[in-house]
Amino acid sequence: MRSISYLHKMILFGILLSTLPILLAGIAAILYSMNQTELHRMQTNKQLLLHMQTSVEHKLNTISYMLDQATRSPLTLQSLSATLPGTLTTANQLQSEFQHMRSWEPLMDITLVNEAQDWLVDHAGLYLNTDFPLALPMRDLLSKTLTSGWQLIPSSVFKHNEQDFPFGCNYHIVLGRSISLMNASADSALIGGIPACSLYHSIVSESVDLDKSASELIIVNREQRILVHPDPMYIGQPLSAMNIEDIESNIDLSELLSPNTSAASKEYHEVRMADTEYSLTFAKTPLKGWTYILITPMNVLSQEYVEIGLYTLSVGVILLLLSIFFVWLGSRRLHFPIRNLLSQLGITDRVLSNKKLPQSFFSPQNEFEQIKTHINQLSASRSQMEYKLNQYVLQTRTQYMIDMFLGKCSPGMLHQNLIELGYRDHLIQWQQIAVLTLKTDLASQTKYDHHDLDLLLFAVQNIVEESIDKDRQLLPIIVDQTVVTVIGSIKMDNSVFSNELNEMTALLHHRVSEVLNLQLNIRFSQPYSSFSEIHLAYIEAMKMLKQLTIPGDTIKQNEEASIFSSLWTLPYPESLEYRLMQSIQSADEAEASVLLQQLLQRVYHMEWTEEEYQVALTRFLMHILQMMQESGIRLAQISSGHSPLINELLALQTAADIEQWFIHRIIRPVIGIFRERQYAQHQQISEKMIAIIHQEYDTDLTLEECACRLHYNASYLSTVFSKETGYAFSEYLSQYRFKMARKWLDETELTIKDIAARLRYNNPQNFIRSFRKWEGVTPGQYRERRQKPLRSSMK
């Protein structure tokens with residue numbers, strides 16, 4: 001299962017990073033708002049309670065003030081000292097004064113009582129005891145109001161036939177003032193009161209905040225009797241009758257407000273009444289001993305909290321949507337360089353989302369893993385290409401060196417090749433050169449056999465390259481199972497150069513013996529002053545190496561003359577002969593004919609005697625026969641039933657006959673044998689290469705890898721394969737791959753991308769373009785065209 005992409009990870013991380021602060025800020029805002037709202041509610045309730053307390057006490061103080069004024073009124077004093085007929089005279093005046101007092105408080109009831117003469121006067125008129133029997137003993141009422149202040153008494157004290165109290169109140173809050181005169185009875189008093197219900201309604205009408213907040217005011221006296229309540233039925237009852245219980249302590253409100261409880265010091269409580277929760281705020285007045293209680297339903301606070309939460313949630317959602325938008329936009333902008341890099345690497349969103357690709361083709365799961373994989377592939381391809389390039393450079397340098405040793409390079413080309421190989425300083429500084437040849441002596445020991453020869457030559461080549469300074473030698477190469485290198489010196493003295501060569505050969509002998517425990521046959525040519533004479537130095541060193549006959553004589557020196565004396569008494573064209581031998585072994589008859597003609601012309605231009613010409617021609621014939629013997633060709637294969645070849649050669653008289661004899665009698669038959677061998681070898685090589693292609697077509701197969709397996713040069717294999725099959729190696733490999741692709745398209749349900757992956761195409765589009773180039777149609781069109789007749793036949 002493919003993991004989430006890096007773009008989506010950035011978007012999710014940005015959303016989480018923006019959501020968390022918004023969420024925390026929203027929660028903090030809600031908590032802070034709730035706390036502030038609750039504090040504000042508490043402060044508001046306190047202010048509201050103080051306002052209502054002030055309003056109530058102002059109203060009561062107004063009544064108390066008017067009572068005090070009425071007790072000192074001359075009219076009141078005069079009415080108490082007069083007899084009944086005189087009282088009747090002043091009753092109207094008292095009623096007018098009481099009506100004036102009611103203009104300040106319309107619901108106030110004022111009664112002047114003269115208990116000694118059994119009459120009373122209120123705003124409605126004068127009543128005798130026979131007409132209005134007192135329901136409450138006046139002395140008890142007066143004593144309570146005088147000692148305790150305001151009292152809650154039944155409204156029946158003020159009831160008579162002309163009165164009808166509003167709001168259905170059964171209780172009055174009253175205050176009494178006794179009147180004492182010098183000539184009057186002490187049983188006279190002035191009583192003022194107000195209906196308890198009217199007190200609540202007047203406060204509600206005056207306080208707009210109380211009406212809006214759904215709060216309720218309750219006032220209780222010292223005895224915890226309810227003085228004011230929204231429901232008139234609770235007035236006069238004890239506070240415990242309301243069954244208000246504190247939620248935190250489960251204590252009844254009557255006990256909670258008791259001075260003996262510690263909870264009474266708290267002004268704010270959460271209470272429960274009739275399965276409904278309320279918040280409660282109270283305040284006590286020390287003078288009257290009353291307690292003002294303000295209760296508010298908790299659902300009002302909850303509604304405020306919900307409104308705060310909804311407002312905060314809406315703001316948070318808006319901020320979250322904005323942050324998501326900006327996160328998406330910013331992530332796309334930040335991901336833009338990654339998309340460009342993926343596009344450069346050939347990775348598209350379609351490829352990333354394709355889950356049907358095989359695991360070997362699409363193993364990474366996100367963009368960075370894809371980039372890492374492609375970078376690793378590029379690094380591996382770069383390393384492989386560097387390796388191949390180094391191999392190619394090495395092969396090129398080796399080929400240059402071989403051409404230089406064989407004399408195939410003109411002086412100008414020789415200098416150009418050496419400069420390209422990095423030997424410009426050698427060309428300028430070297431004054432003398434010599435060719436050094438080294439050959440392993442496997443006959444003197446039993447540790448190695450002939451199967452180890454290639455490996456030993458490679459090891460000796462490395463030892464030579466490491467033992468001699470690079471500014472003293474050219475690249476060592478292997479030619480005819482011999483390690484060959486060119487040694488140079490910046491000095492002109494031959495003896496000094498000779499000593500240096502001897503020291504080098506001794507050092508190489510010691511190193512090879514120490515590392516490989518192997519004896520070497522080492523030869524070096526006489527010094528030459530020009531690079532164009534390297535091929536002559538090579539022929540000379542190789543000739544001396546072949547003359548070694550005594551086992552153990554590893555460093556050969558000429559005992560008859562100096563090592564730098566002339567090697568030959570006759571100026572024989574060794575280089576042409578060597579090139580001719582190479583062309584015969586290569587089965588190149590045309591080149592062999594040309595070189596033979598050049599060699600014979602070179603010999604004929606010499607001023608020799610007849611015997612010297614015969615020696616030169618016989619020597620040339622012996623070299624050919626020696627080459628045949630070394631190549632495993634028996635003499636009977638070319639001279640069966642004829643006279644000895646030497647006799648035939650010596651019997652020829654003209655140069656034309658000699659040339660034709662060499663061509664028809666020696667060179668052409670030998671070339672025919674080499675050609676047959678070459679054909680069989682080429683056929684065998686091409687068959688092996690075809691087998692490798694058929695077995696490993698679905699791998700990163702290259703010509704260099706085949707050359708490494710078959711132990712041949714890559715350019716040689718390329719030539720052989722194209723000559724035998726008519727196709728280049730890469731062309732044949734591509735044709736076979738497309739053959740398998742057509743087979744899979746016809747016989748399997750593999751997708752085009754799967755087929756491209758199996759055929760080592762990193763990008764399916766490259767496979768589609770190549771298939772269309774070879775077949776003229778795309779893979780999809782090919783499959784549809786081949787399957788259409790099949791569907792028709794099934795119908």
Side-chain angles (χ1 to χ4, degrees), residues 1-8 338-339 341-385 689-703 705-706 727-794:
M1 181 178 180
R2 187 173 65 87
S3 65
I4 192 169
S5 67
Y6 184 73
L7 173 61
H8 296 159
I338 300 176
R339 291 202 305 272
L341 182 57
L342 292 174
S343 178
Q344 292 295 327
L345 293 175
I347 307 172
T348 61
D349 295 337
R350 184 177 180 182
V351 174
L352 287 172
S353 60
N354 192 353
K355 300 180 180 179
K356 296 183 179 180
L357 293 177
Q359 190 69 14
S360 61
F361 177 71
F362 188 74
S363 57
Q365 299 297 320
N366 57 38
E367 294 94 323
F368 282 104
E369 291 178 351
Q370 278 283 317
I371 294 173
K372 178 181 177 182
T373 301
H374 279 71
I375 290 176
N376 291 336
Q377 292 177 355
L378 290 176
S379 178
S381 300
R382 177 183 177 184
S383 300
Q384 185 178 6
M385 186 163 295
M689 294 177 67
I690 291 173
I692 293 175
I693 292 174
H694 289 183
Q695 294 174 3
E696 303 180 21
Y697 65 92
D698 55 350
T699 64
D700 295 327
L701 186 62
T702 61
L703 179 62
E705 186 174 353
C706 289
Y727 297 99
F729 177 83
S730 58
E731 185 179 4
Y732 187 89
L733 177 60
S734 299
Q735 284 190 356
Y736 190 77
R737 285 177 174 175
F738 285 116
K739 175 182 177 183
M740 296 305 299
R742 293 193 300 271
K743 180 179 179 182
W744 290 334
L745 289 172
D746 291 337
E747 301 176 1
T748 68
E749 297 297 328
L750 290 174
T751 64
I752 296 173
K753 293 180 179 178
D754 292 341
I755 295 174
R758 288 192 177 188
L759 296 180
R760 316 308 295 172
Y761 281 90
N762 294 329
N763 190 344
Q765 295 298 326
N766 294 337
F767 168 71
I768 294 174
R769 285 194 292 269
S770 300
F771 190 90
R772 182 167 53 188
K773 179 180 178 181
W774 282 93
E775 300 295 331
V777 293
T778 63
Q781 294 171 347
Y782 178 85
R783 173 173 280 175
E784 183 178 0
R785 187 177 64 185
R786 293 298 297 267
Q787 291 181 353
K788 190 176 295 182
L790 180 62
R791 289 196 296 265
S792 301
S793 61
M794 292 177 64

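Both backbone and side-chain heavy atoms feed into the values below; hydrogens, waters and symmetry mates do not.
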Engineer: Please name all residues satisfying side chain to side chain contact (heavy atoms under 4.5 Å, CB included) with Leu750, sequence neighbours left out, ordered by chain then number.
Structural biologist: Trp744, Thr748, Asp754, Ile755, Arg758
Engineer: Could you report the tightest heavy-atom contact between Phe729 and Thr702, atom names first, then the distance?
Structural biologist: CE2-C, 3.7 Å
Engineer: Please confirm whether the backbone N or O of Ile375 pairs with a side-chain atom of Ser379, one donor and one acceptor, at under 3.5 Å?
Structural biologist: no
Engineer: Is there a side chain to side chain contact (heavy atoms under 4.5 Å, CB included) between Phe767 and Phe738? Walk through the geometry before answering.
Structural biologist: CA-CA 9 Å; Phe767 168 71; Phe738 285 116; 4.0 Å; yes
Engineer: Side chains of Lys743 and Met740: closer than 4.5 Å at any heavy-atom pair?
Structural biologist: yes
Engineer: Do you know which two heavy atoms are closest between Ala756 and Pro764, and how far apart they sit?
Structural biologist: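 Closest approach of Ala756 to Pro764, heavy atoms only: CB-CA, 4.0 Å.
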Engineer: For the atom pair CD1 (Ile768) and CG (Asn763), what is the distance rounded to the nearest 0.5 Å?
Structural biologist: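 One finds 8.5 Å between CD1 of Ile768 and CG of Asn763.
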Engineer: Please round to the nearest 0.5 Å and tell me the distance separating atom CG of Leu703 and atom CG of Leu733.
Structural biologist: 10.5 Å
Engineer: Apply salt bridge (Lys or Arg N to Asp or Glu O under 4.0 Å) to Glu731 and list each qualifying residue two or more places apart in sequence or on a separate chain.
Structural biologist: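 If we apply the salt bridge (Lys or Arg N to Asp or Glu O under 4.0 Å) test to Glu731, skipping adjacent residues, there are no hits.
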Engineer: Kindly compute the distance separating CZ (Phe771) from CG (Leu759), expressed to the nearest 0.5 Å.
Structural biologist: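 Those atoms lie 10.0 Å apart.
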Engineer: If a pair satisfies salt bridge (charged side-chain N to carboxylate O under 4.0 Å, His left out) and one of its residues is in residues 766-776, list it, with sequence neighbours excluded.
Structural biologist: Arg742-Glu775
Engineer: Counting distance only, does the side-chain N/O of Glu784 pair as donor-acceptor with the main-chain N or O of Gln781 below 3.5 Å?
Structural biologist: no
Engineer: Could you give the distance from CD1 (Ile690) to SG (Cys706), rounded to the nearest 0.5 Å?
Structural biologist: 11.0 Å
Engineer: How many angstroms lie between atom CD of Gln735 and atom OG of Ser730, to the nearest 0.5 angstrom?
Structural biologist: 10.0 Å
Engineer: Return a table of donor-acceptor pairs under 3.5 angstrom between the side chains of residues 692-701 and protein atoms on other chains or two or more places apart.
Structural biologist:
from, atom 1, to, atom 2, distance (Å)
His694, NE2, Tyr732, OH, 3.3
Glu696, OE1, Arg709, NH1, 3.1
Glu696, OE1, Arg709, NH2, 2.8
Glu696, OE2, Arg709, NH1, 2.6
Glu696, OE2, Arg709, NH2, 3.4
Thr699, OG1, Glu696, O, 2.8
Asp700, OD1, Arg760, NE, 3.3

Engineer: Which pair of heavy atoms, one from Gly780 and one from Ile752, lies closest together, and at what distance?
Structural biologist: N-CD1, 3.6 Å
Engineer: What is the distance from atom CZ of Arg783 to atom CG of Asp746, rounded to the nearest 0.5 Å?
Structural biologist: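 So the CZ of Arg783 and the CG of Asp746 are separated by 8.5 Å.
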